[in-house]
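The figures here come from the full heavy-atom set of this structure, side chains too, leaving out hydrogens, waters and symmetry mates.
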Amino acid sequence: MKYITDLWLGKVTLGKTYWYLILFQILYSYLTIYYMLEGSLAFYIFADITGVVISFFILPCVWRSANNFKGEKIWPFLSKITVVLNVGWQLYSAFFKFYFKSI
């Protein structure tokens, strides 16, 4: 439990936290591809809800860890850009692509 608290507060190194984000993205992509092959609506809903919950946890962890990073300034900058792009992509895939299709 202490490790999760440290992760949330940004006390875990930026490298580890960022790789958690990358591993989450790979797993989420795998689940999305599996849904496309399987076609189960229940599985899709499960994968989507799980993805949102994990995103609400891991993205602030990466941002806080970038704030606490003491090395070269490029790595926190790139990490924060990744977080912003990730949020933008999630907003697009959850809302905007359906909104623009209906226009």
Side-chain angles (χ1 to χ4, degrees):
M1 191 64 166
K2 181 178 177 356
Y3 188 77
I4 293 174
T5 305
D6 287 346
L7 188 64
W8 178 254
L9 296 175
K11 294 179 182 178
V12 176
T13 64
L14 179 60
K16 284 183 182 178
T17 309
Y18 189 79
W19 278 108
Y20 291 149
L21 174 65
I22 298 299
L23 290 174
F24 162 70
Q25 292 296 342
I26 291 169
L27 177 64
Y28 186 71
S29 297
Y30 174 76
L31 289 175
T32 304
I33 291 170
Y34 182 79
Y35 160 72
M36 291 167 58
L37 297 175
E38 181 71 25
S40 168
L41 181 61
F43 184 79
Y44 175 73
I45 292 170
F46 169 76
D48 238 11
I49 290 173
T50 303
V52 168
V53 169
I54 293 174
S55 290
F56 275 128
F57 177 75
I58 197 65
L59 292 175
C61 293
V62 171
W63 192 275
R64 289 182 183 125
S65 184
N67 285 339
N68 295 334
F69 187 71
K70 301 294 183 217
E72 294 181 40
K73 298 294 182 191
I74 189 72
W75 299 118
F77 175 75
L78 291 175
S79 299
K80 288 181 179 183
I81 292 294
T82 303
V83 169
V84 169
L85 290 174
N86 196 308
V87 169
W89 176 254
Q90 289 181 5
L91 285 173
Y92 169 76
S93 64
F95 175 71
F96 294 123
K97 73 178 177 183
F98 299 113
Y99 178 74
F100 291 122
K101 268 187 183 177
S102 65
I103 293 179

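Each of Leu23 and Ile58 belongs to its own hydrophobic cluster when Ile, Leu, Val, Met, Phe, Trp and Tyr are linked at side-chain heavy-atom distances under 4.5 angstrom. Linking ILVMFWY residues whenever their side-chain heavy atoms come closer than 4.5 Å, directly or via other members, leaves Val52 and Ile26 in distinct clusters.
Not counting sequence neighbours, the partners of Leu9 by the side-chain contact (heavy atoms from CB on, under 4.5 Å) test are Thr5, Lys11. In this structure, the salt bridge (charged side-chain N to carboxylate O under 4.0 Å, His left out) partners of Lys2, at least two apart in sequence or on a different chain, are Asp6.
Between Phe57 and Trp8, the two ring planes are parallel [angle under 30°; tilted spans 30° to 60°].
Sparse packing is recorded around CZ of Phe56, with 12 or fewer heavy atoms of other residues, nucleotides or ligands lying under 6.0 Å away. For OH of Tyr30, the number of neighbouring non-hydrogen atoms (other residues, nucleotides, ligands) closer than 6.0 Å is 12 at most.
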Show me the side-chain donor-acceptor pairs of residues 77-86 shorter than 3.5 Å, one per line, residues at least two apart or across chains.
| from | atom 1 | to | atom 2 | distance (Å) |
| --- | --- | --- | --- | --- |
| Ser79 | OG | Trp75 | O | 2.8 |
| Lys80 | NZ | Asn67 | OD1 | 2.4 |
| Thr82 | OG1 | Tyr18 | OH | 3.3 |
| Thr82 | OG1 | Leu78 | O | 2.9 |
| Asn86 | OD1 | Gln90 | NE2 | 2.8 |

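Considering CH2 of Trp63 and CG of Leu21, their distance stands at 13.0 Å, rounded to 0.5 Å. With rounding to the nearest 0.5 angstrom, the SG atom of Cys61 is 12.0 Å from the CZ atom of Phe24.
The minimum heavy-atom distance linking Leu59 with Val87 is given by the pair CD1-CG2, 3.8 Å.
Here the side chains of Ile54 and Tyr28 are not in contact, with every heavy-atom distance at 4.5 Å or above.
Side-chain atoms of Ser65 come within 3.5 Å of backbone N or O of Val12 as a donor-acceptor pair.
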